[in-house]
Amino acid sequence: MTSLSVEMLAADAVEPITSAGNAQLGIAVLAGIAVIVVLITKFKMHAFLALTIGSLALGAFAGAPLDKTITSFSTGLGSTVASVGVLIALGAILGKLLADSGGADQIVDTILAKASGRAMPWAMVLIASIIGLPLFFEVGIVLLIPVVLLVAKRGNYSLMRIGIPALAGLSVMHGLIPPHPGPLVAIDALDANLGVTLALGVLVAIPTVIIAGPVFSRYAARWVDIQAPENMIPQRPSEDLDRRPGFGATLVTVLLPVVLMLAKALVEIVVDDPENHVQRVTDVIGSPLIALLAAVIVGMFTLGRAAGFTKARLSTTVEKSLAPIAGVLMIVGAGGGFKTTLIDAGVGQMILEFSENWSIPALLLGWLIAVAIRLATGSATVATISAAGLVAPLAAGMSTPEAALLVLAVGAGSLFFSHVNDAGFWLVKEYFGMDVGQTIKTWSVMETIISVVSLGFILLLSLVL
C-alpha cells in the first residue's frame, strides 16, 4: 500500500473511541484476544460470550469509555448479522434439503458407481467438494462418514486412503469458499467482491485439495494403517425414503448459486458498465441473497418434492435447518462486533503502520494472524473473523482481486494445524477410531498442508493479478 493510500485512509477513518497511543492499543489488542482465548480454552465458554467479553475488555484496556465500546460492539454485531446472517440461513436450508431428501446420497452413489480401485480417493474428494459447497463442515462429516466407512470396508481400503480425501474436500470448502460463514464474514469485513473471491477461491481450492487429499492420503495410509471400525457405521439419511432426487437435478441445484455468483463476477469484468442491461440483470440474479434464495426455491422442487416431501414436510425441514445455526449466527455477529470495536479503537491505523514499518506483505500478515488465533482457540471461524477485523484497514487501498486474495489468505490461516482444542479434531478421532497421536499424524497434518499449500497458491496469484 502506498503512502498516499495510507494518508487517504487516515483522512476517511472514523473518529476513534479512544486517544490511546500505539503501545497501549497493542497491549489492548493482545489483552482482548487473550481474554477470548482463555475463556474458550480454559473455561470452555461459548465463543459468542467470549467474543462479547473480549470486545469489552479490549475497549477497557484501550481506555475507551464503556458506553462507546458497547455502541461499537452493538453496531458491528447488527451490521454483520444483517449482511451475512440471511446468507448463512439460506445456506443451512439448502444443506438440510440436500441431506434429508437423499440428494447428497444420490451424488455419492452415482459417483462411486463409476469409480473403483485407484480412482476411489479421487472420487471421494470430488464427492466431498460438491457436497461441501452448501453444507457446514460438521454436517458434511456426519453425512460422509457412513460412506467413507462403508467404502473402506467393502473395498478393503485403508481408512486413511478414503477418509483423508473426503476430509480435505470438506475442509477446503469450509475455509475458502463462500457461502460458508468464515469466508462470508471475511468478505464483509474486507469489503471484497464475493463473486471474484468465489472464483479465485475455486482456483486455489482445486490444486490444494488434490495435494492435501488423494496425494497426501498415500502417505497418511502408510503412517496410520487402520481399517474402518465396525461399530461406527451409522444409518444413511436416505435409507428410510421411498425415492430420491435424480443426480442431474441435485447437481444443478447445488451448483446453481455458485454459477449465478460467478456469472455476475464474469460480466462485471468483461462488460464493466453499470448501465448495461446484461450487467444489471446479472447484478441482481448473481447477488448472494438472490442466488442462494433461488437455489433454495429450486431445491424445494428438485430435492424436496422429488423425494416425495409434502408441503408440511418441507416446512418442517426448513424449520429444523434454522435451529442448529443459531449459535453460528451469534458467533458471527459477536465477531463482527469485535471487528468494529477494533477499528473504532484505532487499531486499524496501528496495523497499517506496523505492516509498513516491518515490510510485511498484507497477505502474509493476514495468514499469520489467523494461524495464531486458530492455534490458540481451535476455531477456524473465530480465527477468520478476528483476523479479518485486524487486517481490514489493509484492504482499503487494494484492488478487487487483491482484497479477494486477502480474504483467502485469512481463510487459509484459519485451517492451520487443528489439534486438541478443536472440536473437529475429536469428531474425526472418534469416528475413525484413532488415538490422539494417529489423529495428529493424519488429520492435523492434512489441515496444515491445506493451510500452507493454499497460501502458496494465493501468493502466486498475487504476482500475476
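The CE atom of M124 sits 9.0 Å away from the CG atom of L170 when rounded to the nearest 0.5 Å. Atom OG of S321 is separated from atom CG of L94 by 10.0 Å, given to the nearest 0.5 angstrom. Once rounded to the nearest 0.5 Å, the distance linking CG of D67 with OG1 of T71 reads 6.0 Å. Of the inter-residue distances, the one linking I385 atom CD1 with L390 atom CG reads 12.0 Å to the nearest 0.5 angstrom. How far CG of L408 is from CD1 of I458: 5.0 Å, rounded to the nearest 0.5 Å.
Cation-pi geometry between R161 and Y157 is not met: the NZ or CZ atom fails to fall both under 6.0 Å from the ring centre and inside 45° of the normal.
A donor-acceptor pair under 3.5 Å is formed between the side chain of H419 and the backbone N or O of L375. Checking side-chain atoms of E402 against main-chain N and O of S399 turns up a donor-acceptor pair under 3.5 Å. For Q438 (side chain) and D435 (main-chain N/O), a donor-acceptor pair under 3.5 Å exists by modelled atom type. Of the possible polar contacts, one joining the S79 side chain to the G76 backbone as a donor-acceptor pair under 3.5 Å is found. T282 places a side-chain N or O within 3.5 Å of a backbone atom of Q279 that can act as its donor or acceptor partner.
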One pair to check against side-chain contact (heavy atoms from CB on, under 4.5 Å): V125 and I210. What are the steps and the verdict? CA-CA 8 Å; V125 82; I210 289 173; 5.9 Å; no
Between L176 and S454, is a side-chain contact (heavy atoms from CB on, under 4.5 Å) present by the stated rule, with each step listed? CA-CA 9 Å; L176 301 180; S454 56; 4.2 Å; yes
Pair K68-D344, salt bridge (charged side-chain N to carboxylate O under 4.0 Å, His left out): steps then yes or no: CA-CA 9 Å; K68 290 187 177 181; D344 289 356; over 6 Å; no
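Between F48 and H46, the ring-plane angle classifies as perpendicular under the 30° and 60° cut-offs. Between F137 and W443, the ring-plane angle classifies as tilted under the 30° and 60° cut-offs.
Closest non-hydrogen pair, T439 versus M434, comes out as OG1-CB, 3.7 Å.
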